[in-house]
There are 2 protein chains.
Amino acid sequence: MKVAEPTVERLVQYYRLLGQLHEEGRRVVSSQQIGEMLGIKASQVRKDLSYFGEIGKRGVGYHVDRLYEHVMTILSPPRVWRIALAGVGHLGAALLGHTAFKSEKFHMEALFDVDPEKAGREILGVPCYPFEDMAAVMGEKKIEVLILSVPAAAAQACVDKAVESGTVRGILTFAPTTVVVPEGLLVYSVDISVELEKLLFYLKEKEER
Amino acid sequence: MKVAEPTVERLVQYYRLLGQLHEEGRRVVSSQQIGEMLGIKASQVRKDLSYFGEIGKRGVGYHVDRLYEHVMTILSPPRVWRIALAGVGHLGAALLGHTAFKSEKFHMEALFDVDPEKAGREILGVPCYPFEDMAAVMGEKKIEVLILSVPAAAAQACVDKAVESGTVRGILTFAPTTVVVPEGLLVYSVDISVELEKLLFYLKEKEER
DNA sequence: TTTTGTGAAGTTTTTCACAGCG
DNA sequence: CGCTGTGAAAAACTTCACAAAA
């Protein structure tokens, strides 16, 4: 069965919320309540959850722990992803410390940077290699996912190295630019400027009305 | 006229691309070419651009400089936004140095942090205030946009301060959590974990097929 | 009675396909 | 002739509304 992208996005939100509810010792939650907490319509919540089988109890709601496990198995592959990060600048360093990568679902195998001060050393316990060795090191270490926090001008070159490695299958890029990839390589982009411009656009629109 | 969100997102991409083409001295570009460079269908490009009047030349394409100016006036309000940033950790520091905020379209008026080491000092030329003073300082400085790079647990409290200030109208949050805001306040979220999970979900899906 | 699960309706967004203009 | 601008068709996504289960 194919799952739509907006649904996956919401599933991640459900997952996080359920983790919190679980912590709080909450036993049961309704689609209505989930919706209120996340700003999503209850009918949308139910539709999203129903794609993966009947998991709720009519007249009662969803059992928090059961739903939590359920959503987890949908989202998380039961394995550890081998990842690497290119560009150990401010943003790269921030990402290294970010909650998102603290999970045991990932293992950060390598860092890459042009700066010869950084390459050759270990940073936060992860070995850092020079940019030139990217393709070779990623191939050797069988890196599957590359996190890109390099300047826009360097992004495409890094993507090319990832393609060259032969093992990288997905890229999460923070570079404020569009990169071109061959069919089959998945790229997701977190683009700060784009989100900021969208916000300003709608603020301006509201102002004008 | 109302513009759909996906259109605004693409407009930002067109704008960036046109900036590059302009630098390169390119004079004319077709919807087909724009589409290829950004991974968007040519018909989509034409539809997006046509919402704002006839700007291309049939049989020729779009005049780069003219289109660049045109998209700029659609996106950028002709004024400077007064912004502040809460949470001067690794991510906050990275954002302070990010291209997105280097534009003369913004003026970073204040920083906020709970750490007493940081509050009271200037960081990169911007005064940093303690968390408790957020609402008051933002009100005084007439901050319109708040950038949130605090831990998930602190996000809602910051949003509440922003509401209290009375001047903040938009928030760009990087906290990996959902925040609740009153009607009228615009929130955009850049959620690293969500993008990462989406990427893994589709990688896993491809693996299974 | 309460709340799920879900077809069907509605809305939004994308794509097609071609007339029309330079 | 080539490429835009745009109605009309298609696809994607959301919301409604209600039957059915606990």
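So that the names make sense, note that chain A is the first sequence line, chain B the second, and so on, each numbered from 1. When reading the values below, keep in mind they use all heavy atoms of this one structure, side chains included, and skip hydrogens, waters and symmetry mates.
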Enquirer: In plain terms, say whether Glu132(A) and Lys161(A) are close enough for a salt bridge, that is, a side-chain N and a carboxylate O under 4.0 Å apart.
Expert: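 Salt bridge between Glu132(A) and Lys161(A), a charged N being under 4.0 Å from a carboxylate O: no.
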Enquirer: Using chain A heavy atoms and a threshold of under 4.0 Å, write down where along DNA chain D the contacts begin and end, 5' to 3'.
Expert: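 Boundary nucleotides touching chain A, in 5' to 3' order, are dC13(D) to dA22(D).
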Enquirer: Between Tyr129(A) and Lys141(A), is any side-chain donor less than 3.5 angstrom from a side-chain acceptor?
Expert: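 Yes, a side-chain donor-acceptor pair sits under 3.5 Å.
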Enquirer: Is any side-chain N of the basic residue among Glu197(B) and Lys105(A) closer than 4.0 Å to the acidic one's carboxylate O?
Expert: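 So Glu197(B) pairs with Lys105(A) through a salt bridge.
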Enquirer: Does a side-chain N-to-carboxylate-O contact under 4.0 Å join Glu205(B) and Lys2(A)?
Expert: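 A salt bridge is absent here (no side-chain N lies under 4.0 Å from a carboxylate O).
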Enquirer: Can you pull out the residues from residues 178-185 of chain A that lie within a 4.0 Å heavy-atom distance of DNA chain C?
Expert: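 Heavy-atom cutoff 4.0 Å gives no residues at all.
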Enquirer: Expressed in angstrom and rounded to an integer, what is the separation of Glu5(B) atom CD from dT11(C) atom C1'?
Expert: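 Going from Glu5(B) (CD) to dT11(C) (C1'), I get 16 Å.
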Enquirer: Which ring-ring contact (aromatic ring centres under 6.0 Å, His included) pairs, counting each pair once, include a residue from residues 19-38 of chain A, with sequence neighbours left out?
Expert: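 Only His22(A)-Tyr68(A) qualify under ring-ring contact (aromatic ring centres under 6.0 Å, His included).
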Enquirer: Pairs under 3.5 angstrom only: tabulate donor-acceptor contacts from the side chains of residues 188-195 of chain B to other protein residues two or more places apart or in another chain.
Expert:
from: Tyr188(B); atom 1: OH; to: Glu5(B); atom 2: OE1; distance (Å): 3.2
from: Asp191(B); atom 1: OD1; to: Arg16(A); atom 2: NH1; distance (Å): 3.2
from: Asp191(B); atom 1: OD1; to: Ser193(B); atom 2: N; distance (Å): 3.3
from: Asp191(B); atom 1: OD1; to: Val194(B); atom 2: N; distance (Å): 3.3
from: Asp191(B); atom 1: OD2; to: Arg16(A); atom 2: NH1; distance (Å): 3.1
from: Asp191(B); atom 1: OD2; to: Arg16(A); atom 2: NH2; distance (Å): 2.6
from: Glu195(B); atom 1: OE2; to: Lys198(B); atom 2: NZ; distance (Å): 3.4

Enquirer: How long is the gap from CG on Asp65(A) to CZ on Arg26(A), to the nearest 0.5 Å?
Expert: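 Asp65(A) atom CG to Arg26(A) atom CZ measures 12.0 Å (nearest 0.5 Å).
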Enquirer: Using the salt bridge (Lys or Arg N to Asp or Glu O under 4.0 Å) rule, collect all pairs that involve residues 33-58 of chain A, keeping only residues at least two apart or in two chains.
Expert: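 Every salt bridge (Lys or Arg N to Asp or Glu O under 4.0 Å) pair that includes a residue of residues 33-58 of chain A, provided the two are not neighbours, is Arg10(A)-Asp48(A).
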Enquirer: Could you write nucleotides 2-8 of chain C as a row of B, S and -, 5' to 3', where a protein heavy atom under 4.0 Å of any base atom gives B, of only sugar-phosphate atoms gives S, and otherwise -?
Expert: BBBBBBB
Enquirer: Which of these passes salt bridge (charged side-chain N to carboxylate O under 4.0 Å, His left out) with Arg82(B): Glu140(B), Glu144(B), Glu109(B)?
Expert: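 For Arg82(B), the salt bridge (charged side-chain N to carboxylate O under 4.0 Å, His left out) check succeeds only for Glu109(B).
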Enquirer: Can you confirm whether His90(B) is buried at NE2, in the sense that more than 12 heavy atoms of other residues, nucleotides or ligands lie under 6.0 Å from that atom?
Expert: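 It does not: His90(B) NE2 has 12 such atoms or fewer within range.
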